[in-house]
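Only one structure is covered here, and it is reproduced in the block below.
Small disclaimer: the values here were computed from a predicted structure and weren't measured. The sequence lines fix the lettering, A, B, ..., with proteins before strands; numbering per chain opens at 1.
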There are 2 protein chains.
Amino acid sequence: MASPSKAGAPHRVRLNRERVLATAIALADAGGIESLTMRRLGEELGVEAMSLYNHIANKEDLLTGMIDAVFAEIELPSHSDNWKAALRKRSVSFRDALSRHPWATALKDSGTNPGPATLRHHDRVIGTLRNGGFSIALAAHAFSAVDSYIYGFAMQEKSLPFTTDEEAATMAHLMLAQLPANEYPYLAELTAEYVLRPGYNYGNEFPFGLDLILDALERARDAQPAG
Amino acid sequence: MASPSKAGAPHRVRLNRERVLATAIALADAGGIESLTMRRLGEELGVEAMSLYNHIANKEDLLTGMIDAVFAEIELPSHSDNWKAALRKRSVSFRDALSRHPWATALKDSGTNPGPATLRHHDRVIGTLRNGGFSIALAAHAFSAVDSYIYGFAMQEKSLPFTTDEEAATMAHLMLAQLPANEYPYLAELTAEYVLRPGYNYGNEFPFGLDLILDALERARDAQPAG
DNA sequence: ACCTGAACACCGTTCAAGT
DNA sequence: ACCTGAACACCGTTCAAGT
């Protein structure tokens, strides 16, 4: 009544790039990246698919924008923390973001240019290392090592055929039953005695590798010739 | 002439699953995974797309088979080497395989079941760690850490918008020119003083992270309570 | 047993036409 | 300036029909 729009008429909020990106991300989160089509995205926004092209150049532009929006969610390394604590916090935040948006892991494809949030993120990570006493070369090595680990972990986590603990147990039981134990003895052992333990969750493996790498980087940093 | 097939008639080799998989892999290697369509694959094999369904269940089955074929290319860890040397060799071989078939990196999607080559590979890696003195839990940690790093590295490498050194230099110059140096100072520094050095190649970063992780795993192994 | 042609329900994207 | 309907060139997959 207070609204100037006619009663019963669909309250159509003006379309813009941000709303298109946010809705696309929500669709990909809910149904996987393969469920994100221009027609479905239009429908979700109460508009024909063709209207989307007034706000994005094409589907690749849409995907690039979605990736940059995910990077914008990552907590930047704090200047007040020391490099290791700062990098650890942002790494956990990075992995959380990839966990919320699993499709982002595989989408970093060739030719997709980094957006502003991505560039800011990279700049801050490198800055954290440089200010923490890393040489340029060692900072480049460290950046590559940590981010490779995070991306790869997120990808492996995504490729697991289960998410909850109960599903994992069911799945592992099933796999174990199918695995010829004499053909894959070590896999069978690991599944039976590790994966099938109550409370197992692959996600819990993340901190081990992260701290392994951060501790090793600290040693490499300390071993640098004094500059 | 010596052939029993009629002159001029297309020499049609009998279709089978292996030939379908091999041709699909060649197509994906050459033109990217998005260029692999059932119709194009049929054409390449001299057959209508519909005929493929006599040898594969559907496209997902095709992709699963392709992934397993990539795993079959990876050098299994050798029993004669010690765990570290064996794991290092297979890790380099793993990365090489992902480098030859970049599409395989992103394809490990949820729901895709591991094939026999994949299972054998996993079994041998875990076996190498167990025989090298790793507890079950530490073997699981180590497996996750190393393979996450390899996958993530391959993905980052794939997402670079260049492959050769000259392309990299051109690209970096371009990026540097576009980067507002006062907005992304550390990124600008790293690009100017590291990436733009002659001979830079992101792929060369691989051994640093790999050895960082393997050395750290050795320390973790040695720190285990004697069993 | 294997291959094919036609058909179905989808895609991303263009373009002229509407308001 | 933004939205739409019709159309184009594609997809994966089914099914009955051929050999």
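Pair assignment for D:dC10: none, as no Watson-Crick or G-U wobble contacts are both less than 3.5 Å. In this structure, D:dT19 forms a base pair with C:dA1, meeting either the Watson-Crick or the G-U wobble geometry with both donor-acceptor distances under 3.5 Å.
Taking atom CG of residue A:Leu52 and atom P of nucleotide C:dT13, one finds them 10 Å apart after rounding to whole Å. Regarding B:Glu43, its CD atom lies at a distance of 17 Å from the P atom of C:dC3, rounded to whole Å. In this structure, CZ of B:Arg17 is placed 14 Å from P of C:dC2, rounded to the nearest angstrom. In this structure, A:Ile56 atom CD1 and D:dC2 atom P are separated by 14 Å, rounded to whole Å. Rounded to whole Å, atom P of C:dC15 lies 14 Å from atom CG of A:Asn54. When the P atom of D:dC3 is taken as reference, atom CE of A:Met38 falls 13 Å away, rounded to whole Å. Between the CG atom of B:Asn58 and the P atom of D:dC11 there is a distance of 18 Å, given to the nearest Å. The separation between B:Leu36 atom CG and D:dG12 atom C1' is 12 Å, rounded to whole Å.
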### Task
Walk me through it: do B:Arg95 and B:Glu157 pass the test salt bridge (Lys or Arg N to Asp or Glu O under 4.0 Å)?
CA-CA 10 Å; B:Arg95 184 241 167 168; B:Glu157 196 171 16; 2.7 Å; yes

**Asked** Between B:Phe143 and A:Tyr194, does a ring-ring contact (aromatic ring centres under 6.0 Å, His included) hold up when you go through it step by step?
**Response** CA-CA 13 Å; B:Phe143 187 30; A:Tyr194 188 73; over 10 Å; no

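Side-chain atoms of A:Arg130 do not come within 3.5 Å of backbone N or O of B:Tyr186 as any donor-acceptor pair.
Considering only side-chain N and O atoms, A:His55 lies nowhere under 4.0 angstrom from the phosphate OP1 or OP2 of D:dA1. Contact check, A:Ser51 against D:dC2: no side-chain N or O comes under 4.0 Å of OP1 or OP2. An OP1 or OP2 oxygen of C:dC10 is reached within less than 4.0 angstrom by no side-chain nitrogen or oxygen of A:Arg40. For A:Thr37, a side-chain nitrogen or oxygen approaches OP1 or OP2 of C:dC11 to under 4.0 Å.
Closest contact between the side chain of B:Lys59 and the listed nucleotides C:dA7, D:dG12, C:dT13 involves D:dG12. Among the nucleotides C:dC3, D:dT4, D:dG12, the one closest to any side-chain atom of A:Glu48 is D:dT4. Listed nucleotides C:dT14, C:dG5, C:dC2 differ in distance to A:Met50; the shortest reach to its side chain belongs to C:dT14. Of the candidate nucleotides D:dT13, D:dC2, C:dC2, D:dT13 has the atom lying nearest to any side-chain atom of B:Tyr53. Of the candidates D:dC11, C:dG5, C:dG12, the closest approach to any side-chain atom of B:Arg39 belongs to D:dC11.
Residues B:Phe71 and B:Leu119 have side chains not in contact (no heavy-atom distance under 4.5 Å, counting atoms from C-beta outward). Between B:Pro114 and B:Asp68 the shortest side-chain heavy-atom distance does not fall below 4.5 Å.
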